[in-house]
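What you see is a predicted model, and the numbers here were worked out from it, not measured in a lab. FYI, the numbering just counts along the sequence from 1.
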Amino acid sequence: MTKTIFSPAQLDWIRNKLTIAVIHGGDKAQTKGFIFENLSPRSTKTYEAVAHDIANALRESGFQSVTVLAEDIHLAETLRREQVDLVITNSGGLQGFDSMCHLPSTLEMLGVPYVGHSPMTAGLLDNKHLFKHEIKAAGLPTAPFITVGIDEDFASESNQRALDEIAERFPQGFVVKPVSGRASIHVYPVFERSELASTVEKVRQASNNIVMIEPFLGGREFVVAVAGEYIFKQGQLTLSDQPLAFSITERVLGADEPIFTSMDVKPITQDRLIAVSEQPLRDQLANIGQKIYRQLGLQTLVRVDVRMDSEGNLYVLETNPKPDLKRPEGDKVSLVCHDLQREGMSYTDLIQSLVFNRLSFLKAKRPMALAHCLNEQFDQIGDV
């Protein structure tokens with residue numbers, strides 16, 4: 001099916017007619033938001049402040065009906081009552097396992113279209129070991145790793161043999177992390193193999209989930225944000241022939257930081273980030289990000305984290321399914337917004353790009369999903 005671009009009049013229709021809800025994670029401290037408390041391998045954060053940043057950006061861009069809601073037991077009824085046409089997902093879930101999947105699964109069941117990953121894709125991206133299996137099979141560069149399950153014996157012969165093989169190729173040490181998590185919480189570099197067992201147990205107890213061990217890579221660390229082919233900037237919606245790779249950035253590591261520190265511990269500020277200016281390296285990082293975007297059939301924003309080994313080889317660490325979309329303010333900035341100006345885009349341009357990209361895909365490929373809002377009257381709007 002031929003890809004088309006919404007006309008300026010159609011963009012105005014969308015801004016004027018659609019009721020949009022930006023949904024953040026529910027507050028687990030509010031016990032009326034669920035029936036029974038459940039384990040949560042992913043550390044809790046509501047992202048409510050960022051949801052308001054997104055909503056305000058839409059309002060500033062001319063969207064007339066924008067609300068902010070929490071992902072909790074009341075969500076379905078609120079969406080029905082408010083007659084929400086489109087949801088922007090900005091939630092890591094309320095509680096439970098594979099919580100990144102819960103909101104898109106609910107929206108799929110309710111029939112409410114959304115800007116976000118499908119349930120299966122969200123789960124794949126949020127489970128680092130499954131993601132690494134996927135991209136390895138596709139020939140993308142990622143370092144070897146092992147996983148230690150809830151009831152698995154870390155000291156088993158097979159685990160130790162695999163660690164021997166990793167250590168032979170990458171002798172600088174290891175990194176222990178939960179397979180599902182956020183902001184580098186419970187991620188530990190380990191430089192003495194004798195400390196691996198206790199570190200694995202510490203992460204396992206903290207996450208109640210599978211633990212991953214991969215080699216410590218001693219080189220530079222980078223991120224690349226990747227979004228769709230439909231790009232809104234300077235007042236116009238355009239269509240590219242490839243996903244948009246942007247904010248290609250080096251994360252500056254302090255003398256006491258073998259890995260990038262959690263944003264919950266140390267805020268991400270401009271002095272911790274450097275836009276990559278070496279063109280061959282920019283091209284290489286962009287290519288990796290775009291290949292991941294295409295390979296996994298993504299339709300909305302991700303952030304790919306990449307690190308070099310001591311010899312300068314690049315390896316994909318993970319792909320974040322819900323990168324921080326905090327609005328830049330003073331010295332504080334989100335990774336995906338760090339170098340937006342290079343693309344000639346503002347924060348509001350980025351948010352509109354995410355909305356229009358998703359609506360363009362759904363209109364072309366799954367028109368039934370938008371039949372309630374982008375109807376025949378919308379189709380008949382000309383370029384006025």
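- Checked against the 6.0 Å centroid criterion, the rings of Phe232 and Phe6 do not qualify as a close aromatic pair.
- The closest donor-acceptor contact from the side chain of His186 to the backbone of Ser207 lies at 3.5 Å or more, if one exists at all.
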Would Arg307 and Glu214 count as a salt bridge (charged side-chain N to carboxylate O under 4.0 Å, His left out) if you check the C-alpha gap in whole Å, the side-chain angles of each, and the deciding distance to 0.1 Å?
CA-CA 12 Å; Arg307 185 143 179 173; Glu214 60 187 9; over 6 Å; no
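- Residues Lys132 and Thr142 bring a donor and an acceptor atom of their side chains to less than 3.5 Å of each other.
- Across Phe170, Phe145, Phe216, a single residue satisfies ring-ring contact (aromatic ring centres under 6.0 Å, His included) together with Tyr315, and that is Phe170.
- In the hydrophobic clustering of ILVMFWY residues, with side-chain heavy atoms under 4.5 Å counting as a link, Ile5 and Met345 come out together.
- Within the 3.5 Å criterion, the main-chain N or O of Ile248 finds no donor-acceptor partner in the side chain of Asp339.
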Salt bridge (charged side-chain N to carboxylate O under 4.0 Å, His left out) between Arg272 and Glu257, worked out:
CA-CA 11 Å; Arg272 302 184 70 200; Glu257 286 184 303; 2.8 Å; yes
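- When all heavy atoms of Asp85 and Lys17 are compared, the closest pair comes out as OD2-O, 3.8 Å.
- A side-chain N or O of Glu71 and one of Ser91 form a donor-acceptor pair less than 3.5 Å apart.
- Taken together through direct or relayed side-chain contacts under 4.5 Å among Ile, Leu, Val, Met, Phe, Trp and Tyr, Leu94 and Leu69 form parts of separate hydrophobic clusters.
- Nearest approach of Leu285 to Val224, heavy atoms of both residues: O-CG1, 3.7 Å.
- Of the N and O atoms on the side chains of Asp153 and Ser156, not one donor lies less than 3.5 Å from an acceptor on the other residue.
- The pair Lys322-Asp126 does not meet the salt-bridge criterion, since no charged nitrogen lies less than 4.0 angstrom from a carboxylate oxygen.
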I'd like to know whether His338 forms a side-chain contact (heavy atoms from CB on, under 4.5 Å) with Val223, so could you lay out the CA-CA distance, the side-chain angles of the two residues, the decisive distance to 0.1 Å, and finally the verdict.
CA-CA 10 Å; His338 171 246; Val223 300; over 6 Å; no
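- Linking Ile, Leu, Val, Met, Phe, Trp and Tyr whenever their side-chain heavy atoms come within less than 4.5 Å puts Leu281 and Ile288 in one cluster.
- Contact detail for Arg327 and Asp53: the closest heavy-atom pair is N-OD2, 3.0 Å.
- Between Val68 and Ala55, the shortest heavy-atom contact is CG2-CB, 3.6 Å.
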For Phe246 and Leu350: C-alpha separation, side-chain torsions, deciding distance, then whether side-chain contact (heavy atoms from CB on, under 4.5 Å) applies.
CA-CA 11 Å; Phe246 64 101; Leu350 175 60; 3.8 Å; yes
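- Between Pro215 and Ala143, the shortest heavy-atom distance links the atoms CG-CB, 3.7 Å.
- Between Glu168 and Asp164 the shortest side-chain heavy-atom distance does not fall below 4.5 Å.
- For the residue pair Asp349 / Ser346, a side-chain donor-acceptor distance below 3.5 Å is found, with atom types taken as modelled.
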